[in-house]
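Here is the structure we will look at.
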There are 2 protein chains.
Amino acid sequence: MKLPITVSESSREPIYYQIETQLKSLVISGQLTTGALLPSIRALSSELSCSVITTRRAYQNLENDGFIETVQGKGTFVKDVGQQVKTETKESVAFTYIDKLLKDLQMLGFSDMEIDNMLDKALTKWKGGKHHE
Amino acid sequence: MKLPITVSESSREPIYYQIETQLKSLVISGQLTTGALLPSIRALSSELSCSVITTRRAYQNLENDGFIETVQGKGTFVKDVGQQVKTETKESVAFTYIDKLLKDLQMLGFSDMEIDNMLDKALTKWKGGKHHE
DNA sequence: TATACTGTATATATCAATATACACAATATA
DNA sequence: TATATTGTGTATATTGATATATACAGTATA
């Protein structure tokens, strides 16, 4: 099972955190359903060209947060996450992301109108080009 | 001279990098002009409740990138950055930020229309509430 | 019962952040 | 006009977080 997860070497966020965040997104968005078997830490570390310890740490943090469950020798599985928790988490995370973007763009010196225009343009391009990349 | 710089303790980006990024934004947005004296590494570290070494590292990286210049015993000053470089950097950085947001929102499972609506709403709120915070 | 797959634990290297002592430049003041 | 003081940036040593390789242990299956 190959998951749509990527890590950026140039990002300053820890690799384990990049993995953790994306896996959490896959769970709360429903792309990974309850009981699903996740890739083994070895398979994932090979896929992402990182250490087993790094994928392990991501899994462990998610287990501590109640999103997944690991069983020695068997594998790691998605736990049941209530629909309400999913929705609330999604919206909360989305708000945080958007808010940060607006702050960053303002600090770069863009006006409200410029921000508006850039977002419009980016969205149009995004909708059109998403499936060809 | 108090600069509009903040560091987030919960962010997983290194503190020196948060400072570096925001200072660079202030320079390329023109909010800090050529020759301007930056706060001393001690003043800034005190303001941000971090170590002198951390602010120092941000300044040093910016010096290596040609944005500022430090003089032993005197202080740190903004270097002359060409208008073209400023504009290009601004647009490039903005594009990177927006692209990342769209990717993140998609991974959270939002549809194009939902993303559109969320951004619209956030922008409206942003324009209205910006000056009251 | 061998082997091939799971997750787990230990030790090591590098990066991020810190406190503290050092060196250079401007300035107040005796 | 010395020189003490206070402001700059700089260098060293130490702690904690991040990432790694490698050896260990549990589980399923050929």
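Letters go in sequence order (proteins before strands), and every chain restarts at 1.
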Close residues, residues 66-80 of chain A, relative to DNA chain C [heavy-atom separation under 4.0 Å]
A:T70, A:V71, A:Q72, A:G73, A:K74, A:G75, A:T76
May I ask you to check whether B:Q83 and B:T87 show a side-chain donor-acceptor distance below 3.5 Å?
yes
Rounded interatomic separation in angstrom, taking OH from B:Y59 and C1' from D:dG9:
11 Å
Cut-off 3.5 Å, side chains only: do A:Q84 and A:E88 have a donor facing an acceptor?
yes
Across all strands shown, which nucleotide pairs with D:dT27 by Watson-Crick or G-U wobble geometry, both distances under 3.5 Å?
C:dA4
Any side-chain heavy-atom pair from A:I28 and A:F67 closer than 4.5 angstrom?
yes
So if I apply the side-chain contact (heavy atoms from CB on, under 4.5 Å) rule between B:L101 and each of B:L119, B:I115, B:T96, which one comes out positive?
B:L119
Polar side-chain atom of A:E20 near backbone of A:N61 as donor-acceptor pair, under 3.5 Å:
no
Would you say CD of B:E9 has more than 12 non-hydrogen atoms from neighbouring residues, nucleotides or ligands within 6.0 angstrom?
no
Could you tell me whether a side-chain N or O of A:S29 sits under 3.5 Å from a main-chain N or O of A:S25, the two making a donor and an acceptor?
yes
Please confirm whether the shortest side-chain N or O distance from B:R42 to OP1 or OP2 of D:dT8 is below 4.0 Å.
no
Let me know the distance between CG of B:N61 and C1' of C:dA17, rounded to the nearest Å.
14 Å
Do you know the tightest heavy-atom contact between A:I68 and A:K79?
O-CD, 3.5 Å
Rounded to whole Å, the CG-P distance (A:L62 to C:dG7) equals 13 Å
Are any protein N/O atoms closer than 3.5 Å to N/O atoms in nucleotides 17-22 of chain D? If there are, list each pair with its distance.
unit_1, atom_1, unit_2, atom_2, d
D:dT18, OP1, A:Y16, OH, 3.1
D:dT18, OP1, B:R12, NH2, 3.1
D:dT18, OP2, A:Y16, OH, 3.3
D:dT18, OP2, A:R57, NH1, 3.3
D:dT18, OP2, A:R57, NH2, 2.4
D:dA19, OP1, A:I15, N, 2.8
D:dA19, OP2, A:I15, N, 3.4
D:dT20, OP2, A:S51, N, 2.9
D:dT20, OP2, A:T54, OG1, 2.6

Please confirm whether the shortest side-chain N or O distance from A:R56 to OP1 or OP2 of C:dT8 is below 4.0 Å.
yes
